[in-house]
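Beneath this line is the structure, given in structure tokens, with notes to follow.
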Amino acid sequence: MNSENQWPLYISIVLVVYMCVILFFVIRGASKAKSISDYAVGNIGFPSWIVGLSLAASMTSAATFVINPGFIALYGFGGILSMAIILPLAAFASLIFFTKGFAKYGKLIKAKTMAEWIGNRFNNKAYKFFFAVVAMLLITFIVLINVGLTQVISKSIEVEPFYVLLAITIFVFGYMMFGGANSMVYTNTIQALIMVVVALMMIFSGVDLFEGGFSGFVGKLNAIDPNLTTTFNTTSPLYRDFFEVVICQAIVGVAIVCQPHIMTKSLMLKNPEKVNSYLFFAISAMIIFFIIVVAGLYARIMFPDLMNDGSKMRMDEIIPNYVVKRFSAAAGIIVIVGLISAGLSTLEGLIQSLSITVTSDILEPLFGDKVSNNGLAINKVVIVFLAIVSFYLSWNQIKSPNLSVGIFGQMGVYGYFAAAFVPVLFGTFVKNVKSSTVFIASIIAILVHFGIFYLKLTPYMKGPVGNPGASAAIAIVSSVVVAVILHTFNKNKVIA
């Protein structure tokens, strides 16, 4: 695919068709949403395999398909161990561990959002409001996905990033004003199926590089930079030692499922007995998705000096440029649609969960019946606000990223689930917990994570780029320790 042929036009046509398909399912789902609860968790009984694929699509995003392979292209095997092995294993174990309990309590207290689940579980309205505000950190994840999508589409149809970002914002936020959970399950399932095909295409796109066996492949990387083939890359800001690569990623992987667009997915299961098959289909798809980061190594061999057409590539541009140059036009179109699907699937979930959180957990407590009686209309206004904020932040990240928008996204979203881990853990598995115990633990997590990151405490924050995974891991452990101490020595525990 290049500017001398008509493939950018063909890609544009395919994208228009793809948009029409999404709109069809949005209209179909929106027609069945009669209340803010319908928008949040749906009112259709979907099969477990469909909800499972929807979870897989929501849990893996443009970060998995576009941003993370860029880290691998820069830093090599340490990133593979971290992102394709340690983090997924921890996340899968955690997902299995948490899902059944969360779904059970979600049904009992009829929660629509994570903030509502946490607040109602511990019978504390202030805690619910606090978590709704903390959820705004997830805007950084929206920004990450916006930037990834913009880079892919911009490189493919040869349009300036500003206009691509504007179109993405108007289209996605526009249709999410009406779709909600019912339409998301349809669109996420289609997106997940496309993503499976594209993930396999990306994983096997470098087969020819193994003609000399694995040792030959390693030799190609060694010739570029010997640090690419070491277990720990001491020259990187993220994969320098066992603590960063294994310990931090294991802790982050366990806590990463504590995000609203992930945890609340189980609430769409109308039959709790289907949880096992739901998890089976979700994890099976995600195993394939997480392996896709190996494409970063293929891209580094293609661009050994990280130059493309005489220009130095930013990290977030590596995979989009690899796709454009590596695949034939027809295959490239499929891959690009898959990369876009990866981004949209999570973006939809974030927009839905964040807008519902603002409407139900922030505005409704402040303005009462004025919001509750007009929930769907107010939610549309909230989505417009989120669109404006995310567009502004996304454009700033495209113009001047700090290494990668991935760092910006990790900083925010890691802060959120660091704060959410203890209340989800204790709320699911520990009885008779005083609400102040988990409330304090969440505050500790926020303070420790952002304190370490911005004050550049510990050696892992030194240099121009700090490691959000390290600060989040320390924050999570700190909050758990605080919660255990408070719960153990609290003599006046209340039932929660």
Side-chain angles (χ1 to χ4, degrees), residues 25 28-29 32 37-38 40-61 64-65 84-85 87-114 117 179-200 203 253-292 338 341-342 344-346 348-350 352-353 424-425 427-429:
F25 285 109
R28 180 175 177 176
K32 299 181 183 297
S37 178
D38 294 343
V41 297
N43 57 2
I44 301 175
F46 293 100
S48 57
W49 70 270
I50 287 182
V51 183
L53 289 178
S54 178
L55 172 66
S58 293
M59 197 166 169
T60 47
S61 66
T64 312
F65 278 63
I85 299 175
L87 187 143
L89 287 176
F92 297 157
S94 181
L95 189 64
I96 294 169
F97 185 69
F98 279 120
T99 294
K100 293 185 179 181
F102 187 89
K104 171 188 171 184
Y105 282 111
K107 296 296 183 186
L108 288 175
I109 63 179
K110 300 185 184 302
K112 300 186 295 294
T113 66
M114 276 279 284
W117 189 96
N182 288 332
S183 61
M184 268 175 48
V185 175
Y186 288 123
T187 57
N188 282 177
T189 302
I190 294 171
Q191 289 158 348
L193 293 173
I194 296 172
M195 288 161 62
V196 168
V197 173
V198 169
L200 292 173
I203 291 167
V254 167
I256 203 170
V257 302
C258 298
Q259 298 179 65
H261 64 289
I262 296 173
M263 295 301 294
T264 57
K265 194 71 73 176
S266 63
L267 302 181
M268 295 181 186
L269 290 172
K270 305 309 177 185
N271 183 356
E273 295 179 0
K274 299 295 184 180
V275 167
N276 288 339
S277 60
Y278 156 76
L279 290 171
F280 172 78
F281 284 104
I283 292 173
S284 297
M286 284 190 283
I287 288 172
I288 299 172
F289 297 159
F290 278 111
I291 297 174
I292 200 173
S341 295
L344 290 183
S345 60
T346 306
E348 291 171 357
L350 287 167
Q352 182 239 19
S353 60
V424 172
L425 176 66
T428 304
F429 299 106

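Heavy-atom basis, side chains included; hydrogens, waters and symmetry copies ignored. Numbering starts at 1 and runs along the sequence shown.
Closest of all the heavy-atom pairs between Ala192 and Ala57 is CB-CB, 3.9 Å. What you find for Ile288 and Ala199 is that their closest heavy atoms are CG2-CB, 3.6 Å. The minimum heavy-atom distance between Leu279 and Ile96, with the atom names listed, is CD1-CA, 4.1 Å. Taking every heavy atom of both residues into account, Thr346 and Met59 meet most closely at OG1-N, 4.4 Å. Across every non-hydrogen atom of Gly338 and Ile194, the tightest pair is CA-CG2, 3.6 Å.
With hydrogens and angles disregarded, a donor-acceptor distance shorter than 3.5 Å links the side chain of Thr99 to the backbone of Leu95. Ser353 places a side-chain N or O within donor-acceptor distance of the main-chain N or O of Leu350, the cut-off being under 3.5 Å. Under the 3.5 Å distance criterion, the side-chain polar atoms of Ser54 are left unmatched by any main-chain donor or acceptor of Ile50. Looking only at distances, no side-chain donor or acceptor of Thr189 sits under 3.5 Å from a matching main-chain atom of Val51.
With sequence neighbours left out, the ring pair (Phe, Tyr, Trp, His ring centres under 6.0 Å) criterion links Phe289 to Phe65. Taking the side chain to side chain donor-acceptor pair (under 3.5 Å) definition, one finds that Ser277 meets it with Ser48, sequence neighbours left out.
Phe290 is not listed as a side-chain neighbour of Leu89, based on a closest heavy-atom distance of 4.5 Å or more. At least one side-chain heavy atom of Phe25 sits less than 4.5 Å from a side-chain heavy atom of Ile190. The shortest distance between side-chain heavy atoms of Thr64 and Met286 does not fall below 4.5 Å.
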Residues Ile287, Phe92; criterion side chain to side chain contact (heavy atoms under 4.5 Å, CB included); working and verdict: CA-CA 9 Å; Ile287 288 172; Phe92 297 157; 3.6 Å; yes
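Note on ring orientation: taking the six-membered ring where Trp is involved, the planes of Phe98 and Phe429 are tilted (angle from 30° to 60°).
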